[in-house]
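Read through the structure below, which is laid out as structure tokens, and then see the notes.
Here the structure is a predicted model, which means the values were calculated and not measured. Throughout, numbering of the chain's residues begins at 1 and tracks the sequence.
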Amino acid sequence: MAESTHRGIPPTSRLDRGTIAGLLCAVAGIIGGLVLEQGSVSDIAQATAAFIVFGGTLGAVLIGTPLRQVVAAARASRLVLYEPQHDLAGTLEQLITFATKARRHGIISLEENTGDTSDPILRRAMELAIDGVTSAELREMMELDIQAEESRGDHLAKVYETAGGYSPTIGIIGAVLGLIQVMKNLANIDAVGHGIAVAFVATVYGVGVANLLFLPAGAKIRNHSTRRIESIELIIEGVAGIVEGMNPRMLRRRLDPLVRSEGAEDPDATVAAEAASETALL
């Protein structure tokens, strides 16, 4: 199980093919439309416009957002290209294994297994269970982890959403700056036409990066945060069931709805897993 998605890319992360496909489709659509209109890539390849949009947007974000939060969001940008693996099914099987052992040897026997998991949330929940807390107390204490993850994901996503709100306006500022330069050369009509075209490139950059980069990045980070919250909820309910001494088969049935959100369930695999749990109890 991966550690918190906002503390870096977990070792089990893989390249997010959806992000790559989306970027390729967006770039191909925009460039393709430009070419169909008898344009060329050089028409929008303006370093000055890019400097104005990215520099101005970064400055606006830094003014309105604490620096520490901006740095954390920059680190989280890796989550846009890499997909953390939230193996809910694997976590479920681990919880069922713990439940089976607890039924046979008592919950104290799980103390030797707390170091076997790489997930800090699961480890903490197991330690609380071994310390003798009730299921209600466990849920109350672990609720703080859900709140912390929600807050973390919200703060990181808001940085990108804020940038997505500022960049179109910064692009307009860049266009106006370009038009000011155009007005200085009204005597040369050819230069005026070229200058107006170049001026509006900043607007294209501002709107483009907002809708193709910043806002999608914020949405992706929120999505990863939601998946992490689902895994925490699964852990809380699973360990609470272990504390209550629930039969592993019944615990599986309780937790299955939380796992199904990950994808289609394999009925044969579920039946086989339940049979294995029952055999272990014999």
Side-chain angles (χ1 to χ4, degrees), residues 1-27 53-54 57-58 60-92 118-122 124 142-170 206-237 255 257-264:
M1 187 70 177
E3 294 186 6
S4 177
T5 58
H6 303 305
R7 296 176 184 175
I9 302 175
T12 55
S13 291
R14 63 185 179 187
L15 193 66
D16 192 328
R17 291 175 292 182
T19 297
I20 301 301
L23 286 173
L24 291 176
C25 286
V27 173
V53 170
F54 284 100
T57 300
L58 176 60
V61 171
L62 287 172
I63 292 171
T65 308
L67 179 60
R68 187 174 182 179
Q69 189 171 324
V70 174
V71 172
R75 292 173 178 170
S77 65
R78 295 175 293 175
L79 296 171
V80 179
L81 290 176
Y82 290 89
E83 182 181 7
Q85 299 303 293
H86 302 289
D87 186 11
L88 301 186
T91 300
L92 172 59
S118 61
D119 191 311
I121 301 296
L122 178 55
R124 179 168 176 260
M142 298 301 293
E143 184 67 25
L144 295 176
D145 290 281
I146 293 179
Q147 294 175 5
E149 182 61 36
E150 288 179 340
S151 177
R152 186 182 301 114
D154 183 63
H155 288 162
L156 295 177
K158 276 186 176 179
V159 173
Y160 290 94
E161 292 167 354
T162 299
Y166 286 139
S167 61
T169 304
I170 301 298
V207 176
V209 297
N211 292 280
L212 300 179
L213 182 61
F214 295 136
L215 296 180
K220 181 76 75 168
I221 289 174
R222 284 190 187 279
N223 179 268
H224 286 317
S225 179
T226 298
R227 299 294 291 147
R228 178 55 176 165
I229 290 171
E230 288 176 355
S231 71
I232 296 175
E233 290 174 343
L234 176 67
I235 290 170
I236 293 173
E237 289 303 315
L255 300 180
L258 298 177
V259 177
R260 288 193 192 114
S261 62
E262 191 177 44

field: Heavy-atom pair with the smallest gap, counting every atom of G206 and S167
entry: O-OG, 3.0 Å
- request: Identify the heavy atoms of T65 and V159 that sit nearest to each other, and give their distance.
  value: CG2-CG2, 4.0 Å
query: Distance from L213 atom CG to T57 atom OG1, nearest 0.5 Å?
result: 10.0 Å
- prompt: Between L156 and Q69, what is the shortest heavy-atom contact and its length?
  reply: CD2-O, 4.4 Å
query: Do I146 and I236 have side chains that get closer than 4.5 Å, going by heavy atoms?
result: yes
- request: Return the minimal non-hydrogen interatomic distance between L81 and I20, and the atom names on each side.
  value: CD2-CD1, 4.0 Å
query: So, does R75 use its side chain to make a donor-acceptor pair with the main chain of A72 at under 3.5 Å?
result: no
task: Taking all heavy atoms of N211 and all of V207, pick out the closest pair and write down the distance.
output: ND2-O, 2.9 Å
query: Is the shortest distance from a Lys or Arg side-chain nitrogen in R222 or E161 to a carboxylate oxygen in the other one below 4.0 Å?
result: yes
message: Is any side-chain heavy atom of I235 closer than 4.5 Å to one of D119?
response: yes
- request: Before giving the answer on side-chain hydrogen bond (donor to acceptor under 3.5 Å, both in side chains), spell out for R228 and S231 the whole-Å C-alpha distance, their side-chain angles and the decisive distance to 0.1 Å.
  value: CA-CA 5 Å; R228 178 55 176 165; S231 71; 3.2 Å; yes
- prompt: Which distance, rounded to the nearest 0.5 Å, do you find between the CD1 of I221 and the OG1 of T226?
  reply: 12.0 Å
V61 vs V70 side-chain heavy atoms within contact, under 4.5 Å: yes
- request: Verify, without hydrogens or angle tests, whether S77 (side chain) and A74 (backbone) share a donor-acceptor contact under 3.5 angstrom.
  value: yes
- prompt: So L88 and L258, side chain to side chain contact (heavy atoms under 4.5 Å, CB included) or not? Walk me through it.
  reply: CA-CA 8 Å; L88 301 186; L258 298 177; over 6 Å; no
Any donor-acceptor N/O pair, T19 side chain to V80 backbone, under 3.5 Å: yes
- request: Before giving the answer on side chain to side chain contact (heavy atoms under 4.5 Å, CB included), spell out for L212 and L23 the whole-Å C-alpha distance, their side-chain angles and the decisive distance to 0.1 Å.
  value: CA-CA 8 Å; L212 300 179; L23 286 173; 5.6 Å; no
- prompt: Side-chain contact, heavy-atom cut-off 4.5 Å: M142 with D145?
  reply: yes
task: Please state whether the rings of Y160 and F214 are parallel, tilted or perpendicular, taking 30° and 60° as the class boundaries.
output: tilted
message: Distance check, rounded to the nearest 0.5 Å: Y166 atom OH versus L58 atom CG?
response: 12.0 Å
- request: Report yes if some heavy atom in the side chain of I232 is under 4.5 Å from a heavy atom in the side chain of E149; otherwise report no.
  value: yes
field: Contact check, side chains of K220 and D16, non-hydrogen atoms, under 4.5 Å
entry: yes
task: Rounded to the nearest 0.5 Å, what's the gap from CG on L234 to CD1 on I121? Could you check?
output: 12.5 Å
query: Shortest non-hydrogen contact from V259 to L92?
result: CG2-CD2, 3.8 Å
